[in-house]
Amino acid sequence: MIKRVQAWLSRKDGQRPVEISPDNIPQHVAVIMDGNGRWAKRRGLPRIVGHQNGMKAVKRATIAADELGVKYLTMYAFSTENWKRPKEEVEFLMRLPEEFLAIELDELIAKNVQVRVMGDTDGLPSYTRRAMEEAVARTDGNTGLILNFALNYGGRKEIEDCMRSLGQEIQTGALSPEDITTDLINDRLLSGGMPDPDLLIRTSGEMRLSNFMLWQLAYSELWFTDVYWPEFGKEHLLEAVAEYQRRTRRYGGLK
Ligand code: FPP
């Protein structure tokens, strides 16, 4: 799999080719998929057409990440703040997982992908929750790429819920304050069991975190592109990974 990227890969813009080392592939890539609305507007199309095309980009990113040897791919599909959008847009976004999985689940299974969901799933419409639950159950034993959808997810809510639950355990005596360590918090967040993202990608030129994985992104490398999410393809992932490989991660220490 990794061998495929060992070769020099041509960039669409005809500039310098991108070289990827197979030895330093980010284990966990997290993505803020932004710019669906602007992509549609620029073409005189309704915003939902942007989301529809964003769904196709999810497929391209998943396949590219899998080929590259990424182990975890977390996609920010719907935030706890996205409920503020017009009702029709929210409804459309809530239907997307069902549609995506109806089209793609068999291929994801064939590719050994494991689907996960991270967020307040109780707050989702039943059809969205059911679609995700079915995908999670049917891919549970798969050992390939972990495709983790952040759905009705908010970083602050995640931390708030975690703190509340730890507080309750202290109150009942199941935990003592000294037990609260970074490792324990890592375990208890919705991303428990997954490593922190090594690389965060945000499309559409915006440069903010928008309440995404606030704890987990503490030492992630950030990569921003002006490309709108519906245009995102393998070449952009490769560009992001090539840039990631040029960075020196110091975690607050010295080189
Ligand atoms: C942000 O773009 C995008 C979203 C809030 C939705 C992201 C969802 C998808 C890409 C599809 C998800 C697919 C599956 C399979 C769940 P925006 O609408 O805020 O764009 P704008 O900033 O240009 O308005």
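Every number for a ligand or one of its atoms is a count from 1 in the order of the listing. Owing to the predicted nature of the structure, the values given are computational and were not obtained by experimental measurement. Only heavy atoms go into these numbers, but all of them, side chains included; no hydrogens, no water, no symmetry mates.
Close approach of ligand 1 to Phe100 is summarised as follows: ligand atoms under 4.0 Å from at least one heavy atom of the residue are 15 (C). Close approach of ligand 1 to Ala77 (heavy-atom distance below 4.0 Å) involves ligand atoms 6 (C), 7 (C), 8 (C), 16 (C). Close approach of ligand 1 to Leu93 is summarised as follows: ligand atoms under 4.0 Å from at least one heavy atom of the residue are 6 (C). For ligand 1, the atoms lying closer than 4.0 Å to a non-hydrogen atom of Leu96 are 11 (C). Below 4.0 Å from some heavy atom of Arg38 lie the following atoms of ligand 1, by number and element: 21 (P), 22 (O), 23 (O).
Residues Phe149 and Phe78 are not in side-chain contact: their nearest non-hydrogen atoms beyond the backbone lie 4.5 Å or more apart.
Geometrically, ligand 1 and Met55 share no nitrogen or oxygen pair separated by less than 3.5 Å. For ligand 1, the polar-atom distance check against Trp39 finds no nitrogen or oxygen pair separated by under 3.5 Å.
Of all the heavy atoms of Leu101, none lies under 4.0 Å from any atom of ligand 1, so neither backbone nor side chain is involved. Counting heavy atoms under 4.0 Å from ligand 1, residue Arg47 touches it through the side chain alone. Proximity of Glu104 to ligand 1, defined as any heavy-atom pair under 4.0 Å, is not found for any part of the residue. Of all the heavy atoms of Trp229, the ones lying under 4.0 Å from any atom of ligand 1 belong exclusively to the side chain.
Remark: Asn152 engages Trp83 in a side chain to side chain donor-acceptor pair (under 3.5 Å) (not counting sequence neighbours).
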TODO: Just do the side-chain contact (heavy atoms from CB on, under 4.5 Å) check on Gln52 and Glu99 with the steps written out, would you?
DONE: CA-CA 10 Å; Gln52 190 82 38; Glu99 190 182 334; 2.5 Å; yes
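Using the six-membered ring where Trp is involved, Tyr72 and His28 have ring planes that are tilted, between 30° and 60° apart.
Taking all heavy atoms of Arg95, Arg85, Glu98, Glu89 into account, the minimum distance to atom 17 (P) of ligand 1 is reached by Arg85. Of the candidates Thr203, Leu151, Asn82, the one placing a heavy atom closest to atom 5 (C) of ligand 1 is Asn82.
In terms of protein heavy-atom proximity, atom 13 (C) of ligand 1 is closest to Val58 CG2, 3.9 Å. Nearest protein heavy-atom neighbour of atom 3 (C) of ligand 1: Met33 O, 3.1 Å.
Looking at Asp196, Asn186, Thr182 one by one, the single match for side-chain hydrogen bond (donor to acceptor under 3.5 Å, both in side chains) with Trp215 turns out to be Asn186.
Within the cation-pi definition used here (under 6.0 Å to the ring centroid, within 45° of the axis), Arg60 does not qualify as a partner of Phe232.
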